[in-house]
Amino acid sequence: MRLDVVTIFPEYLEPLNVSLVGKARARGQLHVHVHDLRAWTYDRHNTVDDTPYGGGPGMVMKTEPWGDALDSVLADGYEAGSREPALIVPTPSGRPFTQELAVHLSERPWLLFTPARYEGIDRRVVDEYATRMPVYEVSIGDYVLAGGEAAVLVVTEAVARLLPGVLGNAESHRDDSFAPGAMANLLEGPVHTKPPLWRGRGVPDVLLSGHHGKIARWRRDEALRRTTAHRPDLIERCDPKAFDKKDREMLSILGWEPDPDGERYGRFWRRTDGVEE
Ligand code: ADE
């Protein structure tokens with residue numbers, strides 16, 4: 001996979017040399033190219049922004065540097081044999097970046113990222129490249145960052161670990177929280193390793209029992225416990241068919257019951273104490 005990032009802060013992308021992404025690059029599984037947007041400015045001040053038409057606060061990134069940068073990066077990539085680019089535009093007004101989208105992007109051969117600063121990029125840039133390639137405007141969460149570079153790091157790491165051969169064990173992502181197609185999207189419960197006793201704290205007996213069935217059940221119960229506590233919205237949306245009898249017992253202990261109107265509202269579970277989430 002080829003990745004291009006055009007940014008006014010190339011040094012912000014240094015973490016792409018480290019850890020999982022760095023290793024994938026060293027092994028030739030991932031080809032990353034970071035470009036300084038200001039290389040495509042031609043005035044004395046290397047201007048990349050200007051005041052917004054229609055007024056309002058902040059500055060807007062200009063069309064010309066982005067257009068010239070993207071044309072040049074695309075030409076380079078095609079020349080190197082890359083095909084089927086997709087443009088990834090990090091923005092708080094994008095669609096939520098999910099594990100499902102990460103899986104989808106991991107199947108594409110070439111991703112081009114355009115992290116913006118200020119109030120974003122002149123709309124015409126996205127509209128222009130959308131005529132030539134798929135464009136994904138993505139938000140990594142409901143908060144506003146000072147720029148899209150951190151979002152590029154997030155998306156890159158989520159995508160890179162899904163590439164064939166990047167994680168040692170191909171099964172590792174099948175059980176990820178949020179793996180698409182999972183019966184129920186539950187958060188993963190707690191994990192433990194040696195020593196068996198630390199500062200007076202032991203490890204749950206069941207994990208030392210060697211009884212695989214009981215361990216699997218315990219893990220499932222802990223996942224239900226954690227998901228009801230931290231992400232009740234995930235439980236609400238779970239199809240009751242995703243749960244077995246033991247799951248339903250655990251959900252009942254945790255204070256959840258099937259909602260008789262579930263089909264109608266897509267909210268299949270509700271809290272037994274009547275509190276709305
Ligand atoms: N740029 C600023 N905030 C962002 C967010 N939440 N997601 C993606 N890009 C952003």
Side-chain angles (χ1 to χ4, degrees), residues 1-21 30 32-38 40-41 47-63 65-67 69-70 73 85-108 110-130 133-163 176-178 180 185 187 230-231 233-234:
M1 174 182 272
R2 176 176 169 129
L3 301 182
D4 285 279
V5 187
V6 182
T7 169
I8 59 167
F9 293 121
E11 62 278 23
Y12 208 121
L13 283 303
E14 281 292 310
L16 296 180
N17 293 317
V18 182
S19 185
L20 175 128
V21 174
L30 197 59
V32 180
H33 305 263
V34 178
H35 314 270
D36 187 347
L37 179 66
R38 292 196 203 273
W40 289 277
T41 55
T47 310
V48 293
D49 60 337
D50 206 336
T51 53
Y53 276 130
M59 299 291 271
V60 174
M61 296 192 94
K62 292 164 67 62
T63 49
W66 278 110
L70 292 175
V73 167
L87 197 65
I88 317 294
V89 184
T91 163
S93 54
R95 64 201 257 194
F97 180 62
T98 59
Q99 187 65 20
E100 192 176 0
L101 186 52
V103 169
H104 175 73
L105 295 179
S106 74
E107 288 161 1
R108 298 206 58 104
W110 184 8
L111 305 177
L112 241 117
F113 292 90
T114 59
R117 292 267 144 182
Y118 318 113
E119 298 299 311
I121 305 173
D122 186 309
R123 184 67 213 174
R124 291 169 291 179
V125 174
V126 170
D127 292 345
E128 166 74 11
Y129 290 91
M133 66 192 71
V135 173
Y136 302 85
E137 293 180 83
V138 297
S139 166
I140 61 162
D142 291 343
Y143 38 78
V144 179
L145 303 167
E149 284 78 6
V152 173
L153 295 176
V154 166
V155 172
T156 301
E157 186 156 320
V159 167
R161 68 185 281 283
L162 297 171
L163 297 177
D176 287 347
S177 296
F178 314 115
N185 277 316
L187 304 184
H230 292 177
R231 293 294 304 277
D233 59 304
L234 293 179

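Keep in mind it's a predicted model, so treat the numbers as computed, not measured. Ligands are counted one by one from 1 in listed order, and the atoms in each one are counted from 1 as well.
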So Arg38 and Asp36, salt bridge (charged side-chain N to carboxylate O under 4.0 Å, His left out) or not? Walk me through it. CA-CA 5 Å; Arg38 292 196 203 273; Asp36 187 347; 5.2 Å; no

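At distances below 3.5 Å, not a single donor-acceptor pair connects side-chain atoms of Thr156 with backbone N or O atoms of Leu153. The closest donor-acceptor contact from the side chain of Tyr129 to the backbone of Gly67 lies under 3.5 Å.
Sorted by first and then second residue, the salt bridge (charged side-chain N to carboxylate O under 4.0 Å, His left out) pairs with a member in residues 143-152 read Arg117-Glu149; sequence neighbours excluded.
Annotation for Asp142: atom CG does not count as buried by contact number, only 12 or fewer foreign heavy atoms lying within 6.0 Å. For CD of Glu100, the number of neighbouring non-hydrogen atoms (other residues, nucleotides, ligands) closer than 6.0 Å is 12 at most.
The residues lining ligand 1, counting any heavy atom closer than 4.0 Å, are Pro90, Thr91, Pro92, Val138, Ser139, Ile140, Gly141, Tyr143, Val144, Leu145, Gly147, Ala151.
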